[in-house]
Amino acid sequence: MKNKIISVSAPGKLMLFGEHSVVYGRPCIVTAVNQRIFVKIVKTKGDSILINAPEVNVKNYSIKVSNLGKIDYPKDIKFVLKSVENFFKKYKVSSGLKIFTHSQFSSLFGFGSSSAITVCMVKGLSKIFDIQVYNKALFDIAYKTVLDVQGVGSGFDLAAAVWGGTLYFVGGGKKIVPLNVKPFKLIVGYTGIKADTATLIKNVADLYKKNKTEVEGIFKSIDKIVEKAKINLQKGNYRVLGDLMIKDQGFLNSLGVSSTKLDNLISAANTSGAFGAKLSGAGGGDCMIAFVDKKNKNNVMNEIVKKGGIIIDVKTGAEGVRVERI
Ligand code: MEV
């Protein structure tokens, strides 16, 4: 019999509203983007797992199945190996595997490459072993994997990779609600700087410990923005959504997670005709996003570029994880 082969892809994401507060079990809104991660898995008769991940310069890495969970995994393929370890343990299966990964976007953008890879791995393994794993179970095992590897995170990026579209998400996956939203134009400006998500989450946690009442107040205000954004996204009120972005950015500034480069790109967008702009994700670097109408689109993009931003062309509301034809 031939070795069984499965190819799976999952989308990257952009946080629209509610970053950081979502880590504290609060709501956010995220959209999946049309740049994807691909994972091909081959079931083999051997007793080892072979990984090729060219984007992170991993070539022919091999580990014995019996060593899963017993040795430290290389940094760049931790999510892949932890997914296999957790899947084998949960579903009491085991096999040799060959795994190949490919990404349509740079892991530097903050589009959630680790989460998309984890989701691809769980989906791919479920197909390899013919196990029915529904979306919520897929999310749960992927979320456990991410927490095992990095200790923190709300899981919103995993939900975007699983369900796709635009989602209302409550921290930890307490609520995952697909929103009925038409595709919308979002300008994305990359700062050229990689955000250090773990440090930024820790900085907010330190601030929370020091000024609990004040930070709780900020989180409550962000909750209100998220709820209003949810309604206005479904109505397509981009002018209102722009105002909400400006307000959310103000609160993110108070949490200390913005940066000079982000502030410059955001102000370039706001003063050149955007409805509103904000950082997207952890802050510190990665990307800013802006709502803009057709008339002002080129002007806004030019001004972002003049301030040193790199425009990334994405479509919002992309399809969630899917099995690809081989
Ligand atoms: C990072 O992209 C967004 C944060 O809210 C972290 C998370 O939700 O896991 C800062």
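Quick caveat, the model's predicted, so the values are computed rather than measured. Counting starts at 1 for both ligands and their atoms, following the listed order.
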J.: Suppose I only count heavy atoms of Glu19 and a 4.0 Å limit; which atoms of ligand 1 are within that range?
T.: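 Taking each heavy atom of Glu19 in turn, ligand 1 has 5 (O) under 4.0 Å.
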J.: Could you tell me the residue and atom name of the protein heavy atom closest to atom 1 (C) of ligand 1, and the distance to it rounded to 0.1 Å?
T.: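 For atom 1 (C) of ligand 1, the nearest protein heavy atom comes out as Ala282 N, 3.5 Å.
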J.: Is it the side chain, the backbone, both or neither of Val152 that has a heavy atom closer than 4.0 Å to ligand 1?
T.: neither
J.: With only distance considered, is His20 within less than 3.5 Å of ligand 1 through an N or O on each side?
T.: yes
J.: Of all the non-hydrogen atoms in the protein, which one sits nearest to atom 3 (C) of ligand 1, and at what distance?
T.: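 Answer for atom 3 (C) of ligand 1: Phe156 CE2, 3.7 Å.
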J.: Taking the six-membered ring for Trp, are Phe111 and Phe109 parallel (under 30°), tilted (30 to 60°) or perpendicular (over 60°)?
T.: perpendicular
J.: Is ligand 1 under 4.0 Å from a heavy atom in the side chain of Lys13, in the backbone, in both, or in neither?
T.: side chain
J.: Checking side chain to side chain donor-acceptor pair (under 3.5 Å) between Thr145 and each of Asn86, Asp140, Thr118, which is the one that passes?
T.: Asn86
J.: Looking only at side-chain N and O atoms, does Asn299 offer a donor or acceptor that is under 3.5 Å from a partner on Asn302?
T.: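 Asn302 vs Asn299: no donor-acceptor pair found between side chains.
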J.: Nearest protein heavy atom to atom 9 (O) of ligand 1, by residue and atom, and its distance?
T.: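 Of every protein heavy atom, Ser154 N, 2.9 Å lies nearest to atom 9 (O) of ligand 1.
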J.: Whether the Tyr168 and Glu227 side chains hold a donor-acceptor pair (N or O, under 3.5 Å, no angle test) is what I'd like checked.
T.: yes
J.: Which atoms of ligand 1 have any heavy atom of Ile201 under 4.0 Å away?
T.: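 Counting from 1, the qualifying ligand atoms are 6 (C).
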J.: More than 12 heavy atoms of other residues, nucleotides or ligands under 6.0 Å from NZ of Lys175: is that the case?
T.: no
J.: Which of the atoms in ligand 1, numbered in the order shown and given with their element, are less than 4.0 Å from a heavy-atom of Val23?
T.: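 Contacts of ligand 1 toward Val23, numbered from 1: 5 (O), 6 (C), 7 (C), 8 (O).
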J.: Taking the minimum heavy-atom distance to atom 2 (O) of ligand 1, which of Gly171, Gly110, Gly281, Gly112 ranks first?
T.: Gly281
J.: Taking the six-membered ring of Tyr73, is the NZ or CZ of Lys78 close enough (under 6.0 Å from the centre) and on axis enough (within 45°)?
T.: no
J.: Which ligand 1 atoms are under 4.0 Å away from a heavy-atom of Gly153?
T.: 9 (O)
J.: How far apart are the C-alpha atoms of Glu55 and Ser103, what are their side-chain angles, what is the distance that settles it, and do they pass the side chain to side chain donor-acceptor pair (under 3.5 Å) test?
T.: CA-CA 7 Å; Glu55 275 80 19; Ser103 178; 5.4 Å; no
J.: Going by the order shown, which atoms of ligand 1 are within less than 4.0 Å of some heavy atom of Val22?
T.: 5 (O), 8 (O)
J.: Is the closest side-chain heavy-atom distance between Lys220 and Arg26 below 4.5 Å?
T.: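 Yes, at least one pair of side-chain atoms sits under 4.5 Å.
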